Amino acid sequence: MEKFTIDTGAEQVLQNWQGPVEHVWQRYQEQEPQCGFGSLGLCCRHCGQGPCRINPFGKPDKGICGADGNIMVARNLLRQVTAGAAAHVDHAYETLEVLEKALSEEGPYKITDAEKLKGLAHKLGIAVEGKDIKDIGKELVAKAREDFQRFGSGELNWLVAHAPKERVAKWRELGVIPRNADREIREALHQTTMGMDASWPNLLLATVKLGLVDGYAGLKLGTDLQDILFGTPQPVFSEANLGVLTEENVNIVMHGHIPLLSEKIVEWARKLTPEAQKAGAKSIQVSGICCTANEILMRHGIPLATNFLAQELAIATGLTDAMIVDVQCIMPSLASLARCYHTVLITTNPIVKMDGATHLEWSYQQADEMARKAVELAIAAYSKRDPAKINATREKTTLMVGFSVETIISILSKIDAQEPLKPLVQEISNGDIQGVVATVGCNNVKITHDYLHVNLVKELISKDVLVVTTGCSANALAKAGLLNSEATEKWAGPGLKKILSLLGQVAGLDKPLPPVWHMGSCVDNSRIGDVLTALAEYLGVTVQQLPVAASAPEHQHEKALAIGTWAVAMGCLVHLGVMPPILGGQEVTAFLTSGAEEVLGGKFFVESDPVKAATVIYEHIQAKRKGLGL
Ligand code: SF4
Ligand code: FE2
């Protein structure tokens with residue numbers, strides 16, 4: 001790797017890295033060369049006879065139990081996708097518990113978007129006419145509970161209500177519709193333990209099922225309940241990159257995924273601003289990393305500090321007074337790094353603790369109390385900053401975000417109030433928009449930080465492809481200046497520029513809309529699923545027939561594999577920039593990258609060069625356009 005990062009803010013902070021602890025790129029170098037068996041998916045320690053490893057070029061060609069490469073790879077992949085789905089399901093479940101309490105008792109949380117709740121209830125077959133909103137909410141909670149722990153057989157309510165009808169029929173035919181999330185997660189762990197499934201096709205079907213658990217009981221359910229509690233995002237302007245951390249403010253950096261806590265921190269940072277001023281600061285600046293950042297960015301315009309791979313650099317600016325973490329994507333290295341600075345690292349979830357961090361546990365009843373304490377700790381830390389350790393950058397960009405489905409429909413309906421999707425479809429038909437691509441997912445240290453996200457997207461928008469984005473991909477594109485009107489002027493192709501200018505005008509902006517629409521956090525990939533479902537149903541075609549694709553250019557997390565599996569099951573071509581550990585199973589690899597298309601409509605392809613990846617995606621879009629007669 002020639003460069004660690006293309007992010008100018010990260011690069012500046014990295015140049016003056018003060019140690020003594022290592023950063024993520026140094027730890028990666030220490031790991032090289034990485035284990036070849038692991039990279040191919042050819043190691044197993046599912047039982048006490050192992051660990052076993054398979055030689056792809058000779059003997060041993062089986063584990064002690066007789067498992068061959070395809071079985072080993074398929075079992076490992078199913079476990080990874082299951083873990084990814086479990087993370088999203090657990091996130092959605094925590095949100096459900098809060099919604100349930102908010103409906104039945106006075107407390108720190110309340111319903112913000114009652115309309116969304118009613119619309120959702122209607123879709124789930126709950127009668128809403130003349131009923132009290134709390135009663136509707138309770139019925140909705142019961143439906144959601146069934147999707148986590150339904151007794152006996154059945155199908156996910158959220159999937160049946162929201163997936164394209166054609167897909168539901170297909171998944172039924174394949175026998176992959178989940179009964180309930182907990183049951184499928186349990187079964188997948190059972191299915192992959194020693195002496196169980198030895199059929200790689202059967203293991204891959206189970207993987208698809210867990211991808212659907214992720215898509216509907218994790219992502220879709222999570223987004224829906226979060227919108228009900230905290231509001232559905234609307235257009236909002238903000239800033240991104242480490243330059244949002246400045247010397248005059250108390251800086252609180254939120255990191256993780258669930259907005260239950262970050263919403264409260266935003267609220268308490270406002271309330272306690274006078275305390276910060278008493279301590280000599282101008283104000284309190286809350287900013288974020290990863291998806292909890294995306295949640296508060298989308299709903300409140302809270303600026304984005306950075307994304308996954310540069311999380312350590314937020315502390316290394318010497319300006320982060322408190323970093324408050326909830327769940328997922330939190331590097332264990334943060335604890336030892338924070339010790340080198342004045343930063344208080346605050347863990348808040350019973351399943352995420354770190355030696356040396358301050359643990360302030362979030363709970364429903366204590367949410368306000370806990371958030372107040374966390375903000376007070378940040379204010380107290382502000383006065384302990386060490387001027388010798390300040391390593392700031394002024395790098396930051398401007399952005400327009402908040403592209404929920406509701407936002408998109410509301411902008412389009414200013415052109416056609418009766419059929420809001422019609423103008424979008426017309427632009428796709430006449431070729432001003434060639435297609436739509438979603439870029440999602442993480443950073444991965446194996447790829448120059450943000451490089452593939454940014455360069456892939458620049459290629460696509462120059463070819464008149466509209467890009468929608470979530471997660472750390474959105475953060476990468478934000479820092480590269482791709483989420484503002486100037487980016488449309490600078491990088492969009494002529495057709496895309498024309499339609500974005502028109503949409504900007506009808507949205508009352510006086511400038512074009514950005515060429516990349518930020519749709520939210522990783523669970524908000526469900527919003528992209530909703531757009532695909534709506535487009536396919538409006539046109540009376542399948543998702544597979546649409547000129548669309550998805551990409552996780554720098555994925556690292558098991559959650560990304562789960563999301564990608566769901567997208568393939570929806571019928572999408574899914575690009576990955578990093579090879580998952582599957583190459584040791586030749587038949588498994590052939591299925592995932594080719595055969596899956598016939599069975600599911602979608603497939604994966606792996607390419608780490610942005611121009612080559614954009615070419616494959618563009619050719620795929622052209623083939624789909626041709627299929628639709630465009
Ligand atoms: Fe080896 Fe089979 Fe045990 Fe895995 S399950 S460690 S391949 S004997
Ligand atoms: Fe995320």
Side-chain angles (χ1 to χ4, degrees), residues 37-38 40-55 59-79 84-85 87-88 90-92 189-198 200 203 214 218-219 222-223 226 254-259 262 288-298 304 306-311 325-331 438-444 453 469-478 518-528 552-564 584-585:
F37 298 100
L40 297 172
L42 289 179
C43 55
C44 178
R45 47 182 190 82
H46 289 196
C47 85
Q49 304 174 97
C52 293
R53 51 188 195 176
I54 287 179
N55 179 351
K59 289 277 181 183
D61 59 353
K62 291 183 184 66
I64 294 166
C65 65
D68 64 14
N70 283 306
I71 296 170
M72 228 182 239
V73 163
R75 281 194 312 214
N76 288 342
L77 182 66
L78 175 52
R79 283 214 166 174
H88 285 141
D90 213 26
H91 172 159
L189 290 174
H190 182 193
Q191 189 172 353
T192 50
T193 194
M194 198 273 149
M196 288 294 290
D197 208 349
W200 68 261
L203 286 158
D214 189 64
L219 311 181
T223 298
Q226 287 177 178
M254 298 301 307
H255 177 17
H257 280 79
I258 310 189
S262 49
I289 297 177
C290 285
C291 280
T292 208
N294 285 322
E295 301 283 1
I296 48 181
L297 168 66
M298 293 280 284
L304 177 79
T306 193
N307 54 355
F308 169 76
L309 204 55
Q311 58 186 273
V325 304
D326 51 67
V327 295
Q328 301 166 15
C329 299
I330 299 148
M331 288 190 197
T439 70
V440 309
C442 340
N443 296 126
N444 186 317
H453 289 294
T469 186
T470 59
C472 282
S473 185
N475 303 352
L477 303 172
H518 188 341
M519 296 192 74
S521 63
C522 295
V523 292
D524 294 337
N525 282 314
S526 66
R527 301 191 200 275
I528 299 171
E554 303 177 19
H555 71 96
Q556 54 82 14
H557 205 284
E558 289 166 318
K559 293 176 291 177
L561 291 177
I563 296 167

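Order of appearance sets the numbers: ligands from 1, and atoms from 1 within every ligand. Every heavy atom of this structure was used, including side-chain atoms; hydrogens, water molecules and symmetry mates were not. A quick note: this is a predicted structure, and the numbers were derived from the prediction, not measured.
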Numbered atoms of ligand 1 (with element) below 4.0 Å of R75, judged on heavy atoms =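 Selected atoms, number and element: 4 (Fe), 5 (S), 7 (S).
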
Subset of ligand 1 atoms that lie under 4.0 Å from at least one heavy atom of M72 |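 So the atoms of ligand 1 that pass are 7 (S).
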
Could you tell me if [Y] and [X] have a donor-acceptor pair between their side chains, going purely by distance under 3.5 Å?
| X | Y | value |
| --- | --- | --- |
| N294 | H518 | yes |
| E554 | N444 | no |
| H257 | K559 | yes |

Which atoms form the tightest heavy-atom contact between Q49 and I64, and what is the distance?
->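 Nearest pair, atom of Q49 first, then I64: O-CD1, 3.2 Å.
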
Nearest heavy atoms of M194 and H46, plus distance in Å =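 Closest approach of M194 to H46, heavy atoms only: CB-O, 4.4 Å.
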
Relative to ligand 1, is K62 under 4.0 angstrom through side chain, backbone, both or neither, heavy atoms considered?
->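 Under 4.0 Å from ligand 1, K62 contributes no heavy atoms.
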
Taking salt bridge (charged side-chain N to carboxylate O under 4.0 Å, His left out) as the test, write out the residues that go with R75, two or more places apart.
->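 Once residues adjacent in sequence are excluded, R75 has no partner under the salt bridge (charged side-chain N to carboxylate O under 4.0 Å, His left out) criterion.
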
Environment of atom 3 (Fe) of ligand 1 in terms of protein N/O/S atoms, cut-off under 2.8 Å |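 Only C47 SG fall inside 2.8 Å of atom 3 (Fe) of ligand 1.
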
Around atom CZ of R53, are there more than 12 heavy atoms of other residues, nucleotides or ligands at under 6.0 Å?
->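 Open: at most 12 neighbouring heavy atoms sit under 6.0 Å from CZ of R53.
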
